[in-house]
Amino acid sequence: QVQLVESGGGLVQAGDSLRLSCAASGWSFSSYGMGWFRQAPGKERDIVAAISRSGSSTYYADSVKGRFTISRDNAKKSVYLQMNSLKPEDTAVYYCAARQTSMSALVTTTSNRYDYWGQGTQVTVSS
């Protein structure tokens with residue numbers, strides 16, 4: 001069975017760093033583009049970052065550019081989100097998502113095009 005499991009969320013103070021991990025199992029991880037999304041209370045689910053199958057292309061939301069870094073390790077079937085200089089407005093549930101594609105350099109930024117989702121991990125940033 002295809003599974004995506006996020007980990008690494010928690011409670012931190014503004015200015016701190018946190019690394020989220022997403023581990024895949026039961027499928028060909030390298031066949032999927034990957035993305036991180038987040039949803040805060042009362043807000044829409046928004047793209048945070050995305051990375052292509054090969055890792056050659058990335059995308060970042062304007063609100064996290066320069067602070068967050070997405071990466072993947074296909075051998076470990078994992079994708080990561082390094083979050084630095086965290087702000088209270090980063091508080092949200094963060095979701096890992098996978099989209100099957102034959103294009104190794106494709107980056108997908110819309111949630112309705114992703115095929116599989118993890119259960120989410122809570123990130124809370126206090127001031």
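The salt bridge (charged side-chain N to carboxylate O under 4.0 Å, His left out) analysis of residues 14-31, with sequence neighbours excluded, yields no pairs. Pairs engaging residues 37-74 under the ring pair (Phe, Tyr, Trp, His ring centres under 6.0 Å) rule: F37-Y114, F37-W117 [sequence neighbours left out].
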Side-chain atoms of residues 99-106: list all donor-acceptor pairs with protein atoms under 3.5 Å, sequence neighbours left out, distances to 0.1 Å.
| residue | atom | partner | partner atom | Å |
| --- | --- | --- | --- | --- |
| R99 | NE | R113 | O | 3.3 |
| R99 | NH1 | T108 | OG1 | 2.9 |
| T101 | OG1 | M103 | N | 3.1 |

Could you pull out all donor-acceptor pairs under 3.5 Å where a side-chain atom in residues 120-127 meets a protein atom, sequence neighbours excluded?
| residue | atom | partner | partner atom | Å |
| --- | --- | --- | --- | --- |
| T121 | OG1 | G9 | N | 3.3 |
| Q122 | NE2 | A92 | O | 3.4 |
| Q122 | NE2 | T124 | OG1 | 3.3 |
| S126 | OG | V12 | O | 3.4 |

Could you list the donor-acceptor pairs under 3.5 angstrom formed by side chains in residues 80-89, with sequence neighbours left out?
| residue | atom | partner | partner atom | Å |
| --- | --- | --- | --- | --- |
| Q82 | NE2 | N84 | OD1 | 3.0 |
| N84 | OD1 | S17 | OG | 2.9 |

Validation: residues 43-51 side-chain donor-acceptor distances under 3.5 Å, sequence neighbours left out:
none

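Residues meeting the salt bridge (charged side-chain N to carboxylate O under 4.0 Å, His left out) test with K65, sequence neighbours left out: D62. Considering only residues two or more places apart in sequence or on other chains, R38 meets the salt bridge (charged side-chain N to carboxylate O under 4.0 Å, His left out) condition with D90. Residues forming a ring pair (Phe, Tyr, Trp, His ring centres under 6.0 Å) with Y94 (at least two apart in sequence, or on another chain): none. In this structure A24 satisfies the side chain to side chain contact (heavy atoms under 4.5 Å, CB included) test together with L4, W27, F29, K77, sequence neighbours excluded. With sequence neighbours excluded, no residue satisfies side chain to side chain donor-acceptor pair (under 3.5 Å) with Q39. Legend: residues meeting side chain to side chain contact (heavy atoms under 4.5 Å, CB included) with A61, ordered by chain and number and at least two apart, are S63, V64.
For the pair N74 and R72, the minimum side-chain heavy-atom distance is below 4.5 Å. Contact check for L20 versus S7: no side-chain heavy atoms found under the 4.5 Å cut-off. The shortest side-chain heavy-atom distance between W36 and C22 falls under the 4.5 Å cut-off.
Side-chain contact, S30 with S28: no donor N or O sits under 3.5 Å from an acceptor N or O.
Remark: the backbone N or O of N112 is not paired with any side-chain donor or acceptor of T110 at under 3.5 angstrom.
When all heavy atoms of M34 and A98 are compared, the closest pair comes out as SD-CB, 3.5 Å.
There is no path of hydrophobic side-chain contacts, each under 4.5 Å, that joins L18 to Y95.
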